[in-house]
Amino acid sequence: MKKPLIVQKFGGTSVGSIDRIYKVAEHIITAKNQGKQVVVVVSAMSGETNRLLGLAKQIDSVPDARELDVLLSSGEQISMALLAITLNKMGYPTRSLTGAQANIMTDNQHNDAVIKHIDVSPITELLLQDQIVIVAGFQGITAKGDITTLGRGGSDTSAVALAGALKADECQIFTDVDGVYTCDPRVVENAKKLTVIDFPSMARMAKHGAKVLHLPSVLCAWKNQVPLRVLSTFNANTGSLVKGDKCLLPLCGLALQRDMCLIKIAVEALPTVKKQCGMIGIEIWDVIEHPDWVGIVVKQDAYSKLELVLQGRVADRHSISLLTAVGAKAEELAKSSCQLLLDNEIVTIHQKLDNQSFTIALFPDCVDSAANILHHAYITLSEAHDCLQKHAFLN
Ligand code: ADP
Ligand code: ASP
Ligand code: MG
């Protein structure tokens with residue numbers, strides 16, 4: 001009978017020290033001793049990718065994209081080798097593979113590449129030899145042989161893509177929280193763990209800043225119906241299962257996006273700026289239109305790149321944060337949410353409705369309070385359901 005196959009992914013904090021690598025090895029060994037075939041994906045040790053990025057930026061604020069990928073991909077290679085050394089030493093034959101060695105083929109979009117295809121034969125061959133296989137997350141290779149990386153947080157996507165290609169029984173994302181919560185538990189202390197969350201809601205949460213899962217990983221799991229579970233490396237718990245194609249909860253959560261910036265430009269400059277952003281791969285999150293100016297919202301770390309094309313056409317620039325509510329009835333809560341925040345002396349800069357979500361732009365120093373206020377009003381209160389009905393339908 002064919003052995004079950006699981007893909008386990010361990011994030012930066014989980015492999016952040018040698019002690020933690022031992023803890024990760026225990027999870028892998030437990031699965032192996034249960035008779036499973038195990039493919040592991042690892043991130044760089046926590047802080048390592050930022051450290052490498054910082055080194056490159058000391059030299060050039062917009063480092064050469066190809067060389068940056070060569071540099072950043074080395075972080076995951078360190079983790080994979082340390083984990084393989086650990087497992088081999090513990091008596092479990094293990095081989096580590098870089099993205100290139102695992103045939104993770106991507107497009108040519110350096111720093112934000114998309115996985116196109118994985119030829120899993122080197123992995124299946126190692127599994128047949130009863131080895132544990134560790135693959136470096138966050139990286140792939142182009143048809144020309146250049147190393148690429150998949151965007152920050154991309155190891156989740158490596159894991160899901162491998163699980164899909166290997167037809168794994170489950171893809172387990174081990175991290176430093178024990179599942180997907182109704183809001184980042186570091187911001188809202190009494191956020192609730194969701195035992196199940198559907199794919200479209202998870203995708204919206206990830207898109208709007210819930211970094212517990214990288215957005216492409218959710219989309220890839222959804223498309224290929226990969227059973228996806230988020231769980232803690234440090235506490236025994238069944239975590240959260242991401243499954244289902246329909247959003248059923250009226251409000252399933254809030255997502256925060258810090259480090260955004262609102263750049264005001266002249267109205268007539270907008271078409272050119274949009275075109276140039278498209279050409280250099282900068283995503284415009286939103287366009288805020290006023291009678292005498294237009295604001296574009298982009299990620300702060302895209303600003304150095306954007307400065308190159310804007311060249312003095314910026315009228316004004318502000319740091320902002322975005323708070324997004326996600327759920328089947330989220331849109332209906334937009335008006336009452338803004339009022340609720342205003343009652344608490346929090347000014348909203350802008351709001352935007354989208355399919356089953358609404359986003360509020362705020363000054364960065366009030367986003368945590370705003371998240372707590374909305375979470376308390378619409379999710380925490382035991383009468384949350386009544387409250388939702390009241391605000392959504394009676395106001
Ligand atoms: P890893 O290094 O394991 O990939 P990340 O830092 O990328 O971990 O993601 C886990 C973090 O995501 C948590 O520590 C938590 O602060 C944050 N997070 C944001 N939103 C949520 C949410 N809705 N549920 C759980 N965690 C969240
Ligand atoms: N190491 C990469 C990052 O810090 C990828 C990941 O952790 O998923 O973004
Ligand atoms: Mg992550």
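From a predicted model like this one, the values you see are computed outputs, not experimental measurements. We use all heavy atoms of the structure for the numbers below, so side chains are in, but hydrogens, waters and symmetry mates are not. When a ligand or atom number is given, it counts from 1 through the structure's own listing order. Just so you know, residue 1 is the first one in the sequence shown, and it goes up from there.
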Report yes or no: do [X] and [Y] belong to one cluster of Ile/Leu/Val/Met/Phe/Trp/Tyr joined by side chain heavy-atom distances under 4.5 Å?
X    : Y    : value
V120 : I115 : yes
F234 : Y22  : no
W222 : M202 : yes
F138 : V160 : no

Atom-level proximity to ligand 1, residues with heavy atom under 4.0 Å: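 Contacting ligand 1 under 4.0 Å are K9, G11, G12, T175, D176, V177, G179, V180, Y181, C183, D184, P185, R186, M205, A210, K211, V212.
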Qualifying residue, where the test is side chain to side chain contact (heavy atoms under 4.5 Å, CB included) with V367 and the options are L323, V187, I346: L323
Contact atoms of ligand 2, heavy-atom distance to R152 under 4.0 Å: 3 (C), 4 (O), 9 (O)
Atom indices of ligand 2 within 4.0 angstrom of S43 heavy atoms, with elements: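 Going through ligand 2 atom by atom, the ones under 4.0 Å from S43 are 6 (C), 7 (O), 8 (O).
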So for [X], does at least one of its heavy atoms come nearer than 4.0 angstrom to any atom of ligand 2?
X    : answer
E76  : yes
G154 : yes
G153 : yes

Salt-bridge present (K299, E283; N to O < 4.0 Å):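 Looking at K299 and E283, the cut-off is not met.
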Ligand 2 N/O within reach of D156 N/O, cut-off under 3.5 Å: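 No, since none of the N or O atoms of D156 sits under 3.5 Å from an N or O of ligand 2.
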F174 and H27 aromatic ring geometry - parallel, tilted or perpendicular at 30°/60° bounds: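 Ring orientation of H27 relative to F174: tilted.
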S17 versus D19, side-chain donor and acceptor atoms under 3.5 Å: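 No, no side-chain donor-acceptor contact under 3.5 Å.
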More than 12 heavy atoms of other groups within 6.0 Å of E345 CD: no
